[in-house]
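Since the structure comes first, as structure tokens, the remarks are kept for the end.
The analysis underlying the following values was restricted to heavy atoms, covering all of them including side chains, and did not include hydrogens, waters or symmetry mates.
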Amino acid sequence: MLVWHLASITFLFRWIFRDPKVDVRFLALGAVAPDVIDMAAATILGTQTAEFWGHSLAMPALAGVVVMASIRRGRRRRAWMALVVAWLLHLLVDGMWVYGRVFLWPAFGWELVGQSGGSFWEGAIQRAASDPWRWILEVIGVAYLGWLAYSTGLSQSEGRARLVETGRLGKRTDQG
């Protein structure tokens, strides 16, 4: 659910923080970081489940501590903290507090919870094919990101150039 995570976390961040200076490149990276980390872990470990370290509260907390300890105040720290906040919002959107052994890892032990046997990718395809709600959320995500791109001027070359250079979204310049 890549598009859904990008859209919902971008929406939540913009709604809660109303920060026009946020670097949305880092926001997008934080929105997908838990899934990328855990999909790689599931592929390497050969499990069907892909909710491991990336979906635990410990990982974004550790990332936040590293950012705060290693980067001085300013634009770089602000960008990296957007990644951490987006990671936390991903855990919220996924409802990870329901899965205590994963969410509070390693509080209940160091072992990972995962269904052995089979490939993660086979299980992912089966889950995607059998759950229409996933597709509905993806369509909602595409619609929101399309509206956001239009309303912030990303359909114009200047808007895209600004996004690449600064990571910031702007306002449409052709509105009258």
Point to revise | Heavy-atom side-chain contact between L169 and R14 under 4.5 Å | key: yes
Review point. For the residue pair S130 and P132, what are the closest heavy atoms and their distance?
Key: O-CD, 3.5 Å
Review point. Would a hydrophobic clustering, with Ile, Leu, Val, Met, Phe, Trp and Tyr connected at side-chain separations under 4.5 Å, put L2 with L145?
Key: yes
Check your understanding: What about V142 and L12, same hydrophobic cluster or not, with Ile/Leu/Val/Met/Phe/Trp/Tyr joined at side-chain heavy-atom distances under 4.5 Å?
Key -> yes
Point to revise | ring pair (Phe, Tyr, Trp, His ring centres under 6.0 Å) involving F26 - partner list, sequence neighbours excluded | key: W80
Distance-only donor-acceptor pairs under 3.5 Å for side chains of residues 61-71, two or more places apart:
unit_1, atom_1, unit_2, atom_2, d
S70, OG, V66, O, 2.6

Per-pair distances, 0.1 Å, donor-acceptor, side chain in residues 81-100, under 3.5 Å, sequence neighbours excluded:
unit_1, atom_1, unit_2, atom_2, d
W87, NE1, G54, O, 2.8
H90, ND1, A31, O, 2.6
H90, NE2, D35, OD1, 3.4
H90, NE2, H55, NE2, 3.3
H90, NE2, D94, OD2, 2.9
D94, OD1, H5, NE2, 2.7
D94, OD2, H55, NE2, 3.1

Review point. Can you name the residues that form a side-chain contact (heavy atoms from CB on, under 4.5 Å) with P106, not counting sequence neighbours?
Key: A58, W110
Check your understanding: Which pairs count as side-chain hydrogen bond (donor to acceptor under 3.5 Å, both in side chains) when at least one residue sits in residues 15-29, sequence neighbours excluded?
Key -> D19-R78, D23-R25
Point to revise | Within one Ile-Leu-Val-Met-Phe-Trp-Tyr cluster: V164 and V24, side-chain cutoff 4.5 Å | key: no
**Study point:** Other residues, nucleotides, ligands: >12 heavy atoms within 6.0 Å of R160 CZ
**Key:** yes
Check your understanding: Under the 3.5 angstrom rule, does the side chain of T166 hit a backbone N or O of L163 as a donor-acceptor pair?
Key -> no
Review point. How would you list all residue pairs meeting side-chain hydrogen bond (donor to acceptor under 3.5 Å, both in side chains) that involve residues 138-147, not counting sequence neighbours?
Key: none
Practice item. State yes or no: do I9 and I16 share one hydrophobic cluster built from I, L, V, M, F, W and Y residues joined by side-chain heavy-atom distances below 4.5 Å, directly or via other members? Key: yes
Point to revise | Minimal non-hydrogen separation, L148 against T10, with atom names | key: CD2-CG2, 3.7 Å
Review point. Nearest 0.5 Å, what's the OG-CG distance between S56 and D38?
Key: 8.0 Å
**Study point:** Heavy-atom pair of closest approach, residues W4 and L137
**Key:** CE3-O, 3.4 Å
